[in-house]
Amino acid sequence: MSAAATLDRGSVLIQCRAAAEKHLGGELQQLLDALAPKLSDTGQQSRDREEREQYLRAAQRLHHERELFLPAFRKEFAARFEEHVRALQGTGMLARDLDRGELQALKTNVLENEAAIGRLSSRLKEHAGAELGELSARFATLFRHPAINDGDNPLGPLTIARAVFAGFAAVKIEGRVLRAVRQELEQRLAQPVLDVYRAVNKALGGLGVAAAVSRSAPGAATAPASPATASRAAAPPAAGGAGASASHDAEAAAARAVESELAGATLPPAVEIFVRQSWHRVLARAHAGGGAEGASWQEAVGTLRELLWSLRPRLEAGERARLVALLPPLLKKITLGMDAVMLDPEGRKAVLDALMAHHRELLHGQPAARQG
């Protein structure tokens, strides 16, 4: 029996999460220390009154309300970490409930936030790709999977990026001010994230958790391409978040579901490509994890139906009201699916831009005649 097989996996995961959270928290404290005076200087130098006030207010919030940042960071970090753990244990990734704050954030900042999160995640992966790949392979061993994608890694870049932006949201650093700090955020976090991956790899290695040997071909990409360029023949992830290919039955079930739900629908091109490629992969992994009766499959199919319903032309006030209520949780589930298949920032932006434009037209414009 291997050393990894005798470990208390729960205890190991808690230690990994705590170590990563502690190290990143310390680095973020230093980042906030550096950002406050920079925002103040930028505001004082601005000739535009509105811009100047935005920067100065942001600098004040970093001085006086910064204690809100780390608790928000830790809460989101823990929630995302646990989501991935549950997925690797076979319980799916699309069922987390939304709190009121998350709903409001989705209503107001979903496109900009998702683009920023995706970009930060990509930059972190670029800087620490080898160490992240090794860590994903060690987690595959820990969870007894043949392989897992970097996007399924509980300590992956998306977990970190979402937690960081949750911290900024708690301090109400947003809009142009948040855009101004993104470059420094990407630069300042790259090395600490690399250090975290190295440290956790070393710790897992010391516990006897070796890196699983991937069954994929050497040099194969672990992340899918954007909706505009991804191959429709790409193999979806396997059950419970594992990176190995899903079974033929799972692939076939996903294809049937997509074709059935899309029958007669007219979608924005970017959204149709997303459904046929990326959501196909979400469906395939869900079916591989629990079959057509499993909760993950039901959730994934239900989300697809909600998405297609949300894009139908409608005139009645009651339907518009339902659409307004549906959008925040729907977009949340869509972005969780994007996380699960590691859709790149350009792909995310293309889909979310198309959705926002179409939904805005339905809610405020003059939609065409109702589809059947």
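Small disclaimer: the values here were computed from a predicted structure and weren't measured.
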Please check: side-chain N/O of [X] versus main-chain N/O of [Y], any donor-acceptor pairing under 3.5 Å?
X      : Y      : result
Arg66  : Gln29  : yes
His359 : Leu355 : yes
His358 : Leu311 : yes
Thr335 : Leu331 : yes
Gln298 : Ala292 : yes
Asp152 : Leu88  : no
Ser121 : Ile117 : no
Trp297 : Gly289 : no
Arg176 : Gln54  : no

Would you call [X] and [Y] a salt bridge, using N to O less than 4.0 angstrom?
X      : Y      : answer
Glu134 : Arg138 : yes
Arg49  : Glu53  : yes
Glu83  : Arg80  : yes
Glu261 : Arg305 : yes

Do [X] and [Y] have side chains that approach each other closer than 4.5 Å (heavy atoms only, starting at C-beta)?
X      : Y      : result
Leu307 : Trp279 : no
Phe139 : Leu155 : yes
Leu13  : Phe81  : yes
Leu262 : Leu267 : yes
Arg276 : Val258 : yes
Val351 : Ile273 : no
Leu330 : Trp309 : no
Val12  : Asp8   : no

Take atom CD of Gln183 as the centre, draw a 6.0 Å sphere, and report whether it contains more than 12 heavy atoms from other residues, nucleotides or ligands. no
Does the side chain of Glu251 pick up a donor-acceptor pair with the side chain of His287 at under 3.5 Å? no
Glu126-Ser122 side chain donor-acceptor pair, cut-off 3.5 Å: no
If you measure from [atom1] on [X] to [atom2] on [Y], what distance do you get to the nearest 0.5 Å?
X      : Y      : atom1 : atom2 : result
Lys172 : Glu65  : NZ    : CD    : 6.5 Å
His127 : Gln187 : NE2   : CD    : 11.0 Å
Leu124 : Gln191 : CG    : CD    : 11.5 Å
Leu283 : Ser296 : CG    : OG    : 11.0 Å
Leu135 : Cys16  : CG    : SG    : 7.5 Å

Closest non-hydrogen atom pair, Thr141 against Ala210: OG1-O, 2.6 Å
Check for me, please, whether Leu32 and Phe73 land in the same ILVMFWY cluster - side-chain distances under 4.5 Å, paths through other members count. yes
Say whether Val85 and Leu207 are linked into one hydrophobic cluster, either directly or through other cluster members, by side-chain heavy-atom distances under 4.5 angstrom. yes
